[in-house]
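Report on the following structure.
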Amino acid sequence: MVSVKLPDGSQRDLPSGATASDLATSISKALVKNAVAAKVNGEIVDLFRPIPEAAEVAILTKKDDEALEVLRHSAAHLMADAILRIFPKAQLTIGPVVDDGFYYDIYLPDYRISPEDFVKIEEEMQRIAKEGHAFVRTEADDGLADEAYHRYKQIDGGNNQFKQEIVDDLLARGATLSFYQHGDFIDLCRGPHVPSTSFLKNVKLTSVAGSYWRADASREQLQRVYGTAFFSKQDLQEHLRLLEEAKKRDHRLLGEQLELFFFSEDAPGFPFFLPKGTTLFTILSDYMRGQLRLRNYHEVKAPLILSENLWHTSGHYENYLENMFFTKMKLRDEKLPDEIHDNVEEERPMAVKPMNCPGHCILFKSKLHSHNEFPLRYAEMGLVHRRELSGARHGLFRVQAFTQDDAHHFCTPEQVEGEIGMLIDFFAEVYGAFGLTDVRIELSTRPEKSIGSDDMWTKAERALTSALEAKKVNYVLNKGDGAFYGPKIDFHIRDVLKRSWQCGTIQLDFSMPERFELRYVGPDGDRHIPVMLHRAAFGSLERFLGIIIEHTAGRFPFWLAPVQVQVLPVSEKYNDYASKVTQRLVTAGFRTEANLRGDRIGYKIRQGSLHKIPYLLVVGEKEAGAKEVNVRSRETGELGAFSVPAFLERIEAEKLPPTLVTEERSSSSSLST
RNA sequence: GCCUACAUAGCUCAGUCGGUAGAGCACUUCCUUGGUAAGGAAGAGGUCACCAGUUCGAGUCUGGUUGUAGGCUCCA
């Protein structure tokens with residue numbers, strides 16, 4: 001007999017050798033139908049594996065996220081099977097599950113798989129799925145001599161060096177080889193899998209891209225075929241719909257349509273901001289400046305270009321060299337004026353700043369500070385330049401010049417925890433103002449490439465941890481992912497494309513104050529080294545703008561919209577009245593423009609709608625006579641006639657970001673759930 | 001940086017077999033003076049990304065460069 005404990009706490013006895021499938025049968029028919037895999041003592045296994053004595057068992061059904069991963073892993077096997085049938089020369093490498101699906105890396109040097117091949121592969125997959133083969137697990141108990149291993153070796157030609165490498169690694173580690181077979185296909189795999197290929201009817205191949213064996217550019221080039229799978233057709237269709245929606249929301253596309261920004265071949269990775277994009281940018285920085293004023297920050301401005309020497313002091317030269325822009329001169333030859341000498345080193349070589357901290361250190365050093373001034377918070381909308389690999393650039397998300405809402409806190413070691421607590425609330429309010437609620441906090445510790453003593457790192461990591469614990473926020477630990485000068489807390493925001501972007505960051509730094517020999521006078525009258533805290537909420541204003549564009553699909557909330565109101569005269573006869581109304585709204589502080597062109601009203605409304613302007617005001621004979629405006633809202637359509645003061649009152653209520661309107665927001669932080 | 005693909009009017013794209021370039025939108029002008037998502041007409045707009053090569057002839061074929069996209073890597 002095996003006695004199992006179920007998730008609800010109840011016990012159940014089963015004959016020895018019983019499987020999770022037997023368990024499901026003993027519970028209910030519905031469970032049998034929906035069972036996908038089982039979780040035995042926290043480990044996910046196949047339904048048909050025997051349950052050990054006294055185990056805690058949970059049956060995973062189609063509703064569990066973990067079951068979805070099992071399904072997708074099985075789908076990867078199915079796809080590999082189909083690809084081998086169509087391309088017998090293909091060699092399989094690895095096929096893991098990723099965030100929204102799975103991929104399989106295929107070695108097929110003589111043919112390039114393209115999306116046109118997807119239909120064929122999908123049809124083959126459908127066929128295998130319909131055949132309903134069971135997934136059968138075999139273990140090779142006697143290693144390479146095992147029969148299962150030989151069957152497996154033959155599956156893609158018998159000469160698969162990639163699989164051989166994996167097998168060798170596994171055997172070297174003393175692991176047991178396990179294989180999963182469905183129909184004639186067999187693959188090396190830890191499992192688990194769904195019971196049968198009949199679960200795999202809702203699959204879709206999504207893309208194909210290049211990759212390398214073991215992610216090593218000097219190794220073989222592989223073809224990575226991506227796909228996704230769901231239990232139900234509806235889920236698959238919803239996922240595909242979201243992908244389409246995400247494409248439509250692409251900030252690069254919307255940036256062009258809404259006339260916000262663009263890129264030019266002459267400045268790769270450096271955005272050009274059009275007037276409307278600049279307005280948005282200014283609103284972001286004004287909003288942040290308001291927040292900084294409330295929290296006793298002092299705004300400063302440090303130079304863009306500083307001596308190379310300074311970057312040696314800060315440690316950036318050693319650790320960040322590849323990402324920095326350096327200045328070089330061009331000089332005319334003294335004797336031959338047509339001859340120009342390139343890349344002439346200056347006597348004091350200069351570098352463009354990739355970070356603001358050294359500048360702030362120099363600002364700090366401009367006078368002697370007392371502990372009574374602490375915590376001293378220097379803020380800067382700092383424009384930094386960083387070289388990026390050409391293939392890494394991506395719209396506003398990855399640029400080579402960007403503006404950080406940067407700040408540095410100088411404080412005593414005792415003040416660190418309080419500062420971090422303040423920042424956690426601060427950042428929660430900022431993200432909340434933009435309706436960004438999917439925020440993940442990560443604590444990153446000492447990386448391999450780092451400066452500073454062991455003692456310093458231990459102290460710094462402890463300070464961050466205790467601040468997080470004190471605030472009672474959930475966080476993920478990221479070992480070895482800190483900045484080279486100190487550990488950090490990162491704030492990751494998930495966008496509609498389900499990509500996670502690091503926005504906010506809080507970095508503790510005991511090292512830079514030492515390198516720059518920063519000092520303050522303590523209560524004892526002696527000089528001490530301050531603690532320095534680097535922090536940014538948006539991170540990069542450019543990237544944050546990109547996130548906001550995708551998050552809102554370009555339908556910016558009223559307080560952010562570059563044009564808040566557009567006044568549309570029905571015909572040119574009412575242009576004067578439209579101009580007067582516009583002027584009145586502009587004077588009241590609203591971003592308002594009039595469309596005085598000779599187009600018909602329907603056309604003007606279409607134009608205003610396409611630009612996603614929150615309010616369109618139609619004015620004609622009626623309105624001019626009654627001193628009214630006819631309001632059309634982007635969200636709710638036609639609202640009818642308003643007197644100008646009544647409309648002003650309405651928009652006055654929408655003028656501020658949500659956090660500043662509802663007081664209770666700041667106390668109930670969305671991060672502490 | 002690596003792999004693959006792409007680059008034609010301001011934008012989105014067509015351009016067959018190698019024979020000096022086309023549409024829609026946008027723009028300009030004119031007509032229309034209008035009531036909640038496209039009124040009509042005319043006009044202007046091109047070093048076919050750039051540099052070489054093949055050819056009598058290149059948007060089209062070949063090579064290189066740059067940029068862009070997707071992915072890898074990097075960064076964080």
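Every chain is numbered from 1, with letters handed out A, B, ... down the list of sequences. Just so you know, these numbers come straight off a predicted model, no measurement behind them.
- A:K622 comes within contact range of at least one nucleobase, with a heavy-atom separation under 4.0 Å.
- Between B:rA58 and B:rG39, the two P atoms lie 44 Å apart (nearest whole Å).
- The separation of B:rA14 from B:rU8, taken at their C1' atoms, amounts to 10 Å, rounded to a whole angstrom.
- Counted by atom type alone, A:Q502 and A:H492 present zero donor-acceptor pairs between their side chains at under 3.5 Å.
- In this structure, A:R387 reaches neither bases nor backbone, as no heavy-atom distance under 4.0 Å exists between it and the strands shown.
- Salt-bridge check for A:R386 with A:E542: failed, with every basic side-chain N at 4.0 Å or more from each acidic carboxylate O.
- Ring centers of A:H408 and A:Y378: at least 6.0 Å apart, outside the cut-off.
- Under a 3.5 Å cut-off, the side chain of A:H385 and the backbone N or O of A:F325 do not form any donor-acceptor pair.
- Atom C1' of B:rG45 sits at a distance of 27 Å from the matching atom of B:rG57, rounded to the whole Å.
- Contact annotation for A:F263: no contact, since no heavy-atom pair falls under 4.0 Å across all strands.
- One atom, CG of A:D250, and another, P of B:rU68, lie 14 Å apart when rounded to the nearest Å.
- Minimum atom distance to the side chain of A:P268 is reached by B:rU68, of the listed B:rU68, B:rA37, B:rG35.
- B:rA5 sits 29 Å from B:rA21 when the P atoms are compared, rounded to a whole Å.
- Listed candidates were B:rA37, B:rG35, B:rU32. Nearest to the side chain of A:R600 is B:rU32.
- Of the candidates B:rA37, B:rU73, B:rA76, the closest approach to any side-chain atom of A:L389 belongs to B:rU73.
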Validation: residues 254-275 of chain A side-chain donor-acceptor distances under 3.5 Å, sequence neighbours left out:
residue, atom, partner, partner atom, Å
A:S264, OG, A:D266, N, 2.9

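- B:rC56 sits 14 Å from B:rU20 when the C1' atoms are compared, rounded to a whole Å.
- Distances from the side chain of A:R393 to the nucleotides B:rU73, B:rG67, B:rA37 place B:rG67 closest.
- Nucleotides B:rU47 and B:rG10, compared at atom P, are 8 Å apart to the nearest Å.
- If A:E638 and A:Q607 are placed on RNA chain B by their nearest nucleotide, the residue sitting closer to the 5' end is A:Q607.
- Cation-pi geometry between A:R543 and A:F397 is not met: the NZ or CZ atom fails to fall both under 6.0 Å from the ring centre and inside 45° of the normal.
- Counting distance only, with no hydrogens placed and no angle test, the side-chain atoms of A:R252 and the base atoms of B:rA69 include no donor-acceptor pair under 3.5 Å.
- Defined by atom type and a distance below 3.5 Å, a donor-acceptor pair is missing between the side-chain atoms of A:Q564 and A:Y615.
- Note on A:R535 versus A:E419: no salt bridge recorded, every NZ/NE/NH1/NH2 to OD/OE distance being 4.0 Å or above.
- Taking syn as a glycosidic angle within 90° of 0, B:rU20 qualifies as syn.
- In this entry the distance linking NE2 of A:H394 with P of B:rC72 reads 12 Å, nearest Å.
- One P atom belongs to B:rC74, the other to B:rA7, and the distance between them is 31 Å to the nearest Å.
- Using cut-offs of 30° and 60° on the angle between ring planes, the pair A:H316 and A:W311 is perpendicular.
- Between the CD atom of A:E322 and the P atom of B:rG1 there is a distance of 14 Å, rounded to whole Å.
- Using a 4.0 Å heavy-atom cutoff across all strands shown, A:G539 reaches no nucleic acid atom at all.
- Rounded to a whole angstrom, the distance from the P atom of B:rU73 to that of B:rA38 is 48 Å.
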In dot-bracket notation, what is the pairing pattern of RNA chain B, taking Watson-Crick (N1-N3 plus N6-O4 or O6-N4) and G-U wobble (N1-O2 and O6-N3) contacts under 3.5 Å, with [ ] crossing and | for other strands? (((((((..((((.....[..)))).(((((.......))))).....(((((..]....))))))))))))....
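- In this structure, A:D266 reaches neither bases nor backbone, as no heavy-atom distance under 4.0 Å exists between it and the strands shown.
- Residue contacts for A:E623: at a heavy-atom cut-off of 4.0 Å it reaches a base atom on one of the strands shown.
- Side-chain contact of A:N478 with A:E442: a donor-acceptor pair under 3.5 Å is present, judged by distance alone.
- Aromatic rings of A:Y107 and A:F162 (six-membered ring for Trp) have centroids within the 6.0 Å cut-off, being under it.
- Between A:R597 and A:R606, the one whose closest nucleotide on RNA chain B sits nearer the 5' end is A:R597.
- Taking the six-membered ring where tryptophan is involved, the planes of A:F538 and A:F544 are tilted, since the angle between them lies from 30° to 60°.
- With rounding to whole Å, A:Y574 atom OH is found 16 Å from B:rU36 atom C1'.
- Here A:I605 lies in heavy-atom contact (under 4.0 Å) with a base.
- With rounding to whole Å, A:I601 atom CD1 is found 16 Å from B:rU32 atom C1'.
- A distance of 7.0 Å separates CG in A:L596 from OG1 in A:T582, rounded to the nearest 0.5 Å.
- Comparing atom distances between the A:K573 side chain and each of B:rA37, B:rU33, B:rG70 picks out B:rU33 as nearest.
- Between the CD atom of A:Q507 and the C1' atom of B:rA76 there is a distance of 9 Å, given to the nearest Å.
- Looking at A:R398, its side chain comes within 3.5 Å of the base of B:rC75 through a donor and an acceptor atom.
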Might you list the N or O atoms of the protein lying below 3.5 Å from N or O atoms in nucleotides 9-14 of chain B, with each pair's distance?
residue, atom, partner, partner atom, Å
B:rC11, O3', A:E256, OE2, 3.1

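- Residue contacts for A:G620: at a heavy-atom cut-off of 4.0 Å it reaches a base atom on one of the strands shown.
- Within the 4.0 angstrom heavy-atom criterion, base atoms lie near A:R632.
- Listed candidates were B:rC72, B:rA76, B:rA37. Nearest to the side chain of A:Y226 is B:rC72.
- Distance CD (A:E259) to P (B:rC25): 18 Å, rounded to an integer number of Å.
- Distance, A:N323 CG to B:rG1 P: 13 Å, rounded to whole Å.
- Look at A:H492 and you won't find any side-chain N or O under 4.0 angstrom from OP1 or OP2 of B:rA76.
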